[in-house]
J.: 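The following block contains the structure, expressed as structure tokens.
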Amino acid sequence: MLEPSKSTDSSGMDEFGYAQTLDRSIGKFASFAAGVSYISILTGVFQLFYFGFSMAGPAYAWSWPIVFVGQLMVALCFAELAGRYPVAGSVYNWAKRLASGTSAWLAGWLLLLSSIMALGSVALALQITLPQLWSGFQFVGDGTGPFDFAMNGVVLATIMITISTLINAFGVKLMTRINSIGVFVELTAAVLLILALGWHVVRGPEVFFDTAGFGEGHDLGFFGVFLIGAMASGYVMYGFDTASSLGEETKDPKRTAPKAIIRAVTASFLLGGLILLFGILAAPDLTDPKVGAADGGLQHIVLSVLGGPFGKAFLVCIVVAVAVCTLAVHAAAIRMMFAMARDNNLPFSSQLSKVDPVRKTPTVAAIVIGIMAVIPLLVNVMQPAIFTILSSISIVLIYLSYLLVTVPMLRNRFLKKWPLADDGSEPGFTLGKWGVPVNILAVLWGGAMTLNLIWPRPEIYNSVPPFEWYLQWGGVLFVAAVTGGGALLYRVKIRHQTGVLAEHAAAATAHPMPGLSHGETSASSSQVPAPVQAAAARPGAEMGNGVADALPVQVGASGSE
């Protein structure tokens with residue numbers, strides 16, 4: 001058997017069966033910034049503080065360290081995978097090497113859908129901040145009409161998504177430069193805000209140990225409302241895999257991406273947790289209804305504590321954070337669409353995987369995702385209950401897609417198929433003896449959080465009129481539909497066309513041919529199409545865990561397995 005080539009492509013992408021078509025220009029800070037900006041503590045904490053506080057009061061802040069510990073377990077598993085496979089569409093490509101083709105495709109499918117919906121949800125955060133910064137940003141009505149808030153949010157979000165589309169379509173250098181500057185502003189503002197709020201503390205930490213009457217009348221008492229409030233933290237601390245999804249565009253990605261993943265989730269926990277801590281301790285009046293209202297929340301506390309000019313200066317920084325978070329979510333969605341399309345795993349794959357020859361970025365994917373992200377926003381105008389369901393579901397799909405990586409990873413650990421046997425290449429990160437316990441905790445956490453997120457509570461899935469059963473069960477019904485429908489689509493159609501598109505396949509004349517037993521060679525290997533050879537030679541084939549299902553060695557929609 002011919003030995004795999006490790007040097008035909010200096011970028012290292014031939015190791016994964018792909019040609020280097022994207023611009024490898026991202027440095028260490030830009031990689032870290034991508035993960036931080038996706039999590040975006042100033043966006044998430046300020047957007048969702050009012051919800052968590054309205055559900056469980058000050059004690060909801062305990063959910064922040066709980067969510068961090070759980071997500072850190074997932075991040076550590078992802079860091080180990082990123083140390084081996086720093087490839088675009090990280091979750092999809094990781095699942096492809098750990099599980100069956102159906103599981104891998106579903107992981108990518110669910111994360112792609114969730115990213116598109118999350119893009120609109122993040123951009124909507126501008127409505128919570130901009131009108132409080134200046135009333136002139138309330139373009140629709142004066143904010144008191146029944147649809148003023150929702151319609152204006154759609155206008156602001158559409159403008160933001162349009163800007164993000166233009167920047168992402170122009171090239172990764174411009175996107176990461178803007179993103180890095182924005183993250184620097186966000187981190188600096190977070191530190192200054194923590195110091196400022198800490199200076200104005202008016203109460204002691206005992207407030208975090210008092211349920212303050214929250215949970216009275218609930219079937220599960222305070223624990224029941226705490227589980228609901230905890231979703232405000234669960235909605236924030238994800239997306240750290242973005243650092244690896246940009247791996248094809250990162251310098252020395254096997255070492256850079258794992259560190260960026262861990263640093264991003266850790267930095268976000270520390271800064272976000274301190275903002276929550278001192279924000280609650282510095283609030284002039286925790287009984288003020290504005291603290292738990294969508295048009296108040298943490299923004300209201302900051303303006304009340306720091307006064308006009310200083311408070312508004314911090315709100316400007318929140319707007320910057322929302323902008324770069326939008327850029328990062330958009331960028332991650334683009335890489336997922338590109339990664340699946342170049343494997344011919346999406347409709348119109350040839351078009352969606354096109355890379356601009358000058359800018360070296362998937363321009364078509366950037367535009368398509370921008371358009372698709374705006375469509376769900378229109379639902380928010382007349383039916384905010386449905387959009388709330390879609391926003392919540394987008395987070396459920398993310399946690400599910402993560403489980404489609406951590407579960408097969410744990411299975412492979414028990415089968416001694418992960419970590420991979422020494423193949424001569426040094427992984428960028430390894431958990432060593434901690435791999436199994438960390439992986440077990442990651443799976444247990446992911447399952448518990450997914451159940452909590454999808455639980456058909458009226459407070460989440462039917463919080464405003466009309467109160468209908470199908471709205472309350474909307475999360476369960478939608479997730480079942482997109483998961484079942486996606487699996488059916490893959491099994492019936494897409495798996496028969498899977499194969500690396502010729503324009504993205506690495507030259508693979510030195511790779512082993514499919515179907516050859518040990519010691520055989522093929523005189524006609526040079527006549528076999530590159531996509532076929534690339535698919536057959538991808539890392540993971542030696543694991544014997546369903547990779548063949550993920551990578552059928554044929555090209556074109558009419559082939560058969």
Side-chain angles (χ1 to χ4, degrees), residues 8-31 33-34 37-38 86-90 92-93 112 115-116 119 159-183 242-253 256-257 323-324 326-374 500-507 530-531 534:
T8 55
D9 182 356
S10 61
S11 70
M13 286 306 298
D14 66 324
E15 178 185 348
F16 310 116
Y18 302 121
Q20 179 70 43
T21 57
L22 303 179
D23 183 14
R24 194 177 289 279
S25 60
I26 298 176
K28 293 181 179 179
F29 181 78
S31 178
S37 59
Y38 196 122
V87 188
S90 52
Y92 159 72
N93 267 301
L112 178 60
S115 296
I116 292 171
L119 179 57
I159 294 172
M160 183 66 252
I161 292 172
T162 302
I163 294 171
S164 175
T165 301
L166 293 173
I167 292 173
N168 273 289
F170 192 82
V172 72
K173 286 183 180 178
L174 177 62
M175 189 280 292
T176 53
R177 188 175 295 118
I178 294 173
N179 190 65
S180 295
I181 294 172
V183 167
T242 304
S244 180
S245 201
L246 292 169
E248 289 183 35
E249 297 148 276
T250 302
K251 301 171 185 175
D252 192 18
T256 300
V324 296
T326 303
L327 283 176
V329 174
H330 201 155
I334 292 167
R335 272 66 191 175
M336 179 60 75
M337 179 173 281
F338 167 75
M340 297 183 72
R342 72 176 168 189
D343 283 351
N344 205 21
N345 266 337
L346 290 175
F348 309 106
S349 286
S350 182
Q351 290 76 26
L352 294 176
S353 65
K354 279 186 178 178
V355 175
D356 187 277
V358 177
R359 299 181 178 89
K360 294 187 177 181
T361 194
T363 304
V364 176
I367 296 171
V368 170
I369 287 172
I371 294 172
M372 293 179 69
V374 171
V500 184
L501 296 176
E503 59 268 31
H504 294 287

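Residues: numbered from 1 along the sequence shown.
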J.: Please list, chain by chain and in numerical order, all residues satisfying ring pair (Phe, Tyr, Trp, His ring centres under 6.0 Å) with His330, sequence neighbours excluded.
T.: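 Ring pair (Phe, Tyr, Trp, His ring centres under 6.0 Å) check on His330 returns nothing, list empty.
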J.: Could you tell me the separation between the CE atom of Met337 and the CD1 atom of Ile334, rounded to the nearest 0.5 Å?
T.: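 The CD1 atom of Ile334 is 9.0 Å from CE of Met337, to the nearest 0.5 Å.
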J.: With Arg177, which residues qualify under salt bridge (charged side-chain N to carboxylate O under 4.0 Å, His left out), at least two apart?
T.: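 In terms of salt bridge (charged side-chain N to carboxylate O under 4.0 Å, His left out), with neighbours along the sequence ignored, Arg177 is linked to no residue.
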J.: Hey, does the side chain of Asn168 reach the backbone of Ser164 with a donor-acceptor pair shorter than 3.5 angstrom?
T.: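 Judged by distance alone, yes, a pair lies under 3.5 Å.
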J.: Taking side-chain contact (heavy atoms from CB on, under 4.5 Å) as the test, write out the residues that go with Ala341, two or more places apart.
T.: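 Ala341: side-chain contact (heavy atoms from CB on, under 4.5 Å) contacts with Leu346, Ser349, Leu352, Ser353.
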J.: For Ser245, enumerate each residue passing the side-chain hydrogen bond (donor to acceptor under 3.5 Å, both in side chains) test, keeping only those at least two apart in sequence or located in another chain.
T.: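 Ser245 satisfies side-chain hydrogen bond (donor to acceptor under 3.5 Å, both in side chains) with no residue once adjacent residues are dropped.
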J.: Is it true that atom CZ of Phe170 has more than 12 heavy atoms of other residues, nucleotides or ligands lying nearer than 6.0 Å?
T.: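 Not buried by this count: 12 neighbours or fewer within 6.0 Å.
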J.: Whether the side chain of Gln20 engages the backbone of Glu248 through a donor-acceptor N/O pair (distance < 3.5 Å, no angle test) should be reported.
T.: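 At least one qualifying donor-acceptor pair exists.
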J.: Grab the two heavy atoms, one from Pro253 and one from Pro86, that are nearest each other, plus how far apart they are.
T.: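 What the structure gives for the nearest pair is CB-CB, 3.6 Å.
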J.: Taking all atoms of both residues into account, what is the closest heavy-atom pair of Gly247 and Arg24, and its distance?
T.: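 Between these two residues, the closest heavy atoms are O-NH1, 3.1 Å.
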J.: Applying side-chain contact (heavy atoms from CB on, under 4.5 Å), can you list everything that pairs with Thr361, at least two apart in sequence or on another chain?
T.: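 Counting only residues at least two positions away or on another chain, Thr361 forms a side-chain contact (heavy atoms from CB on, under 4.5 Å) with Arg335, Arg359, Thr363.
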J.: Of all the heavy-atom pairs spanning Ala34 and Ala328, show the shortest one and how long it is.
T.: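 Scanning both residues completely, I find the closest heavy atoms to be O-CB, 4.0 Å.
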J.: Report the C-alpha distance between Ser350 and Glu503 in whole Å, list the side-chain angles of each, state the deciding distance to 0.1 Å, and finish with yes or no for side-chain contact (heavy atoms from CB on, under 4.5 Å).
T.: CA-CA 9 Å; Ser350 182; Glu503 59 268 31; 3.8 Å; yes
J.: Show the nearest heavy-atom pair for residues Ala33 and Val183, with the distance to one decimal.
T.: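 Closest approach of Ala33 to Val183: O-CG2, 3.5 Å.
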J.: So, taking the atom named CE in Met340 and the one named CG in Asn93, what distance separates them when rounded to the nearest 0.5 Å?
T.: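 Spacing of CE (Met340) from CG (Asn93) equals 10.0 Å.
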J.: How close do Leu119 and Ala373 get, counting heavy atoms only, and between which atoms?
T.: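 Looks like CD2-CB, 3.5 Å.
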J.: To the nearest 0.5 Å, tell me how far Leu501 CG sits from Asn344 CG.
T.: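 So the gap between those two atoms works out to 5.0 Å.
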J.: Is it true that the side chains of Tyr18 and Asp343 contain a donor and an acceptor less than 3.5 Å apart?
T.: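 There is such a pair (donor and acceptor under 3.5 Å, judged by atom type) between the side chains of Tyr18 and Asp343.
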J.: Applying the side chain to side chain contact (heavy atoms under 4.5 Å, CB included) criterion to Ile161, which one of Thr165, Ile163, Ile159 satisfies it?
T.: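 The single option meeting the side chain to side chain contact (heavy atoms under 4.5 Å, CB included) with Ile161 is Thr165.
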J.: So which pairs with a foot in residues 331-350 pass ring pair (Phe, Tyr, Trp, His ring centres under 6.0 Å), sequence neighbours left out?
T.: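 Those involving residues 331-350 are Phe338-His504.
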J.: How many angstroms lie between atom CD1 of Ile178 and atom CG of Leu327, to the nearest 0.5 angstrom?
T.: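 So the CD1 of Ile178 and the CG of Leu327 are separated by 6.5 Å.
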J.: Find the distance between CD1 (Ile181) and OG1 (Thr176) and round it off to the nearest 0.5 Å.
T.: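 Output value for this atom pair is 10.0 Å.
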J.: Which heavy atom of Met175 sits nearest to which heavy atom of Ala331, and what is that distance?
T.: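 Scanning both residues, the minimum pair turns out to be CE-CB, 3.7 Å.
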J.: Which value, rounded to the nearest 0.5 Å, describes the distance between Lys173 atom NZ and Asp23 atom CG?
T.: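 If I round to the nearest 0.5 Å, the distance is 4.5 Å.
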J.: For a side-chain contact (heavy atoms from CB on, under 4.5 Å) check, start with the C-alpha distance between Asn345 and Tyr92, then their side-chain angles and the critical distance, and finish with the verdict.
T.: CA-CA 11 Å; Asn345 266 337; Tyr92 159 72; 2.8 Å; yes
